[in-house]
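Each remark here refers to the structure printed beneath this line.
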2 protein chains.
Amino acid sequence: MKLTLDALEVLDAIDKKGSFAAAANALFRVPSTLTYTIQKLEEDLGFVIFRKEGRRSVLTPAGRVLLEEGRSLLLATQAMIDKAHQVDSGWEVRLNIALDTVWDTQQFLPILTEFQQLNTGVEINLLEEVMGGSLEALIEDRADIVLGGPAPNTPIQGLQFKEVIQSQWCFVTANHHPLTQTNLPLTNEMIAPYTSIVIKDSSRHSPIKSHRLMDKQKQIKVASMQQKISLIEAGIGVGFLPKHKIQNKLDEGTLVTLETTEPTAITPQYCSWKSNNKGKAARWFIDRILSEKI
Amino acid sequence: MKLTLDALEVLDAIDKKGSFAAAANALFRVPSTLTYTIQKLEEDLGFVIFRKEGRRSVLTPAGRVLLEEGRSLLLATQAMIDKAHQVDSGWEVRLNIALDTVWDTQQFLPILTEFQQLNTGVEINLLEEVMGGSLEALIEDRADIVLGGPAPNTPIQGLQFKEVIQSQWCFVTANHHPLTQTNLPLTNEMIAPYTSIVIKDSSRHSPIKSHRLMDKQKQIKVASMQQKISLIEAGIGVGFLPKHKIQNKLDEGTLVTLETTEPTAITPQYCSWKSNNKGKAARWFIDRILSEKI
DNA sequence: CCAATTTGTTCGAAAAAACTGAATAGTTTT
DNA sequence: AAAACTATTCAGTTTTTTCGAACAAATTGG
């Protein structure tokens with residue numbers, strides 16, 4: 001490869017500044033140096049880059065190719081160096097965080113803000129996953145950290161997880177729903193006539209398992225917790241929801257919890273990650289989340 | 001930019017050959033030179049690229065980024081140099097030739113073969129255009145040369161063209177078509193009951209003008225001359241076709257020409273190009289086509 | 001287990017490359 | 001016609017790169 005990036009920079013400067021003299025000045029060199037550099041480049045590559053026109057030099061077509069493509073080359077080179085520095089700093093180039101839909105995104109934002117203030121240069125991607133989908137994202141390397149969602153029922157090699165929150169599930173309806181007029185506690189038979197809203201598992205491979213499915217009940221399947229809340233609030237259907245995600249709507253009174261004979265589950269929520277993840281950002285988030293009082 | 005392509009090549013060689021010593025040998029240098037190159041690179045970039053492990057050196061994560069991204073950088077650089085050489089040679093990097101559908105592609109293949117044997121490195125793209133579409137391709141720089149098709153009805157600035165062939169249009173039907181049983185010459189009224197096959201103009205902007213449209217006739221619109229021939233041969237419809245494109249089918253007898261009262265047109269076919277085109281390949285093709293006896 | 005081999009590094013000397021500054025010649029501006 | 005600006009040439013200097021011998025550490029082989 002008879003070509004140096006330095007020569008490409010010289011070429012760029014000559015074109016940008018409009019003359020050898022001005023470019024030399026900008027590069028803190030002397031004009032004759034640029035003459036030397038360009039002549040050497042021409043000799044190395046075997047074609048003419050500048051031809052004289054009056055008292056100034058203009059690019060040949062081949063020279064123009066070198067200039068223009070060389071510029072993208074220089075940009076790509078700088079990007080590579082930046083990336084290498086980022087990797088060397090120990091901070092990942094990119095960190096994918098999967099938020100299970102049961103987790104409240106709002107709760108996570110302060111942590112994210114705090115991280116951004118560290119100025120690590122790490123690109124953060126937030127993925128939303130549902131139920132089993134979150135763990136799958138971890139296993140398949142689509143995510144580095146999973147926040148919320150269940151622990152694997154069988155321990156998985158190389159995966160670590162820790163409980164971060166107790167999520168209490170309640171049976172919920174809109175404040176204007178017929179069931180609010182019924183005697184409590186509600187039996188399965190009393191609930192059965194009404195449409196129930198169910199979140200569809202986002203995992204791509206796992207067998208489909210709907211959460212707390214009641215057999216004969218009519219169902220509407222939705223993709224996220226937020227959709228489920230909206231539909232229940234609108235009175236379209238009923239279902240179980242984690243209390244912490246709807247506390248504000250319970251306070252406002254648009255949603256109400258109703259006692260059921262079926263005991264309401266308390267499902268623990270986990271933070272999961274790969275044990276072999278040595279990245280600083282991943283470590284920071286895990287430590288930060290586990291230390292959080294929720 | 002404190003980085004040289006040479007250093008990236010050294011890095012590549014060390015990884016490929018597995019050791020400083022082997023790489024040095026491959027690069028016709030001495031091992032200590034590579035040590036110097038790498039140490040200088042590390043100093044310039046400000047991070048460690050190799051760390052010792054036993055008696056050999058292994059890449060750090062940042063070093064691996066440099067190696068892998070550096071490789072694509074080297075490839076891109078070489079591609080740029082090749083392209084510059086191609087441009088310098090005066091031969092275009094790419095030449096787009098639009099063949100109007102009236103032109104016989106088969107006739108053009110020997111010329112193309114001849115060109116390929118010149119080993120110019122020019123990438124040839126063949127476009128198929130219909131009627132006015134071919135000239136439009138030229139104006140809009142999608143094509144460098146247009147072969148076949150009409151001359152512009154108003155002379156266009158910067159465009160050159162020359163007649164290359166007299167295309168004689170005949171009224172054609174399948175050999176089993178009812179019209180073959182009729183008294184000749186055919187009048188418009190005799191033709192009108194039968195479906196006519198019409199080529200749809202491929203130009204994107206020009207007002208639509210179907211060729212030799214007969215008013216009350218049923219029509220089927222097709223996209224190319226080849227399709228038109230197929231449909232007529234199948235007896236689906238009838239229409240005017242350039243004699244030179246169907247000579248073999250006339251000889252075989254699957255198609256027949258019928259005399260009409262309407263005089264059959266003799267439309268000249270042109271080769272068109274931009275006058276400011278200085279490329280060697282464009283010039284070669286134009287000269288070659290104009291000198292051809294057809 | 002010890003000698004031989006292979007590894008990468010250090011260091012002084014030598015070679016090559018890059019850079020400088022003054023002189024020069026051509027072109028445009030004033 | 002002089003002044004200002006262009007890029008280039010060239011001899012001399014500085015910097016960078018390369019070499020080769022000597023060395024230390026790690027592995028291999030008999």
Side-chain angles (χ1 to χ4, degrees), chain A residues 1-64 66-67 70 74 77 81, chain B residues 1-64 66-67 70 74 77 81:
Chain A
M1 189 84 64
K2 301 229 43 88
L3 173 69
T4 65
L5 292 174
D6 180 68
L8 289 181
E9 282 178 321
V10 168
L11 201 57
D12 173 63
I14 293 173
D15 181 75
K16 270 212 179 76
K17 296 294 174 182
S19 76
F20 278 49
N25 192 51
L27 295 170
F28 305 105
R29 301 184 210 185
V30 124
S32 61
T33 301
L34 302 202
T35 302
Y36 167 78
T37 305
I38 296 297
Q39 281 181 349
K40 179 158 165 36
L41 186 59
E42 288 181 333
E43 191 184 342
D44 287 344
L45 294 179
F47 58 83
V48 179
I49 295 170
F50 285 104
R51 67 168 209 284
K52 299 222 67 167
E53 197 156 278
R55 73 175 171 184
R56 53 201 323 115
S57 296
V58 295
L59 282 167
T60 60
R64 182 148 294 281
L66 224 54
L67 170 71
L74 289 173
T77 306
I81 294 174
Chain B
M1 189 83 64
K2 301 225 48 82
L3 173 70
T4 66
L5 292 174
D6 179 68
L8 290 181
E9 281 178 322
V10 168
L11 202 56
D12 173 64
I14 293 173
D15 181 76
K16 270 211 179 77
K17 297 292 174 182
S19 75
F20 278 48
N25 192 52
L27 295 171
F28 305 105
R29 300 183 210 186
V30 125
S32 62
T33 300
L34 301 203
T35 303
Y36 167 81
T37 304
I38 295 298
Q39 281 180 349
K40 177 157 165 40
L41 185 59
E42 289 181 333
E43 193 184 343
D44 288 344
L45 294 180
F47 59 82
V48 179
I49 295 170
F50 285 105
R51 69 167 209 284
K52 300 222 65 168
E53 197 156 276
R55 72 174 174 185
R56 55 201 320 116
S57 297
V58 295
L59 282 165
T60 60
R64 182 150 294 280
L66 225 54
L67 170 71
L74 289 172
T77 306
I81 294 174

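Proteins get letters first, then strands, A, B, ... in listed order; numbering begins at 1 in each.
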N/O donor-acceptor pair under 3.5 Å between B:Glu9 side chain and B:Thr4 backbone: no
B:Leu59 versus B:Arg51, closest heavy-atom pair with distance: O-NH1, 4.3 Å
Touch class at under 4.0 angstrom, heavy-atom based, for A:Ser32 against every strand present: base
Sugar-phosphate only, base, or nothing, as touched by A:Ser19 at under 4.0 Å among non-hydrogen atoms: sugar-phosphate
CA sep, side-chain torsions, deciding dist, call: B:Arg29, B:Asp6, salt bridge (charged side-chain N to carboxylate O under 4.0 Å, His left out): CA-CA 13 Å; B:Arg29 300 183 210 186; B:Asp6 179 68; 2.8 Å; yes
For atom CZ of A:Arg55 and atom C1' of C:dT29, their distance in whole Å: 7 Å
Touch class at under 4.0 angstrom, heavy-atom based, for B:Tyr36 against every strand present: base
B:Lys17 NZ - C:dT6 C1' separation (whole Å): 17 Å
Touch class at under 4.0 angstrom, heavy-atom based, for A:Thr35 against every strand present: base
Under 3.5 Å donor-acceptor, A:Thr60 side chain and A:Ile49 backbone: yes
Rounded distance (Å) that lies between atom C1' of C:dT9 and atom CD1 of B:Ile14: 13 Å
Selection residues 17-26 of chain A - residue pairs positive for salt bridge (charged side-chain N to carboxylate O under 4.0 Å, His left out), sequence neighbours left out: none
Length of the line joining B:Arg56:CZ and C:dT5:P, which is rounded to integer Å: 18 Å
Protein-nucleotide distance (A:Lys40, atom NZ; C:dC19, atom P), rounded to Å: 11 Å
Shortest non-hydrogen contact from B:Gly63 toward B:Leu11: O-CD2, 4.3 Å
Positions of residues 21-31 of chain B (non-hydrogen atom under 4.0 Å from DNA chain C), listed by number: B:Ala21, B:Pro31
Rounded distance (Å) that lies between atom C1' of C:dG8 and atom CD of B:Glu53: 14 Å
Whole-Å gap separating P (C:dC19) and CZ (A:Phe20): 14 Å
Closest non-hydrogen atom pair, A:Leu66 against A:Leu8: O-CD2, 4.1 Å
A:Leu34 to A:Ala24 - nearest heavy-atom pair and separation: CD1-N, 3.5 Å
Chain B footprint on DNA chain D, 5' to 3' - any atom under 4.0 Å from a heavy atom: D:dT16 to D:dT27
Pair A:Ile81-B:Met1, side-chain contact (heavy atoms from CB on, under 4.5 Å): steps then yes or no: CA-CA 9 Å; A:Ile81 294 174; B:Met1 189 83 64; 3.9 Å; yes
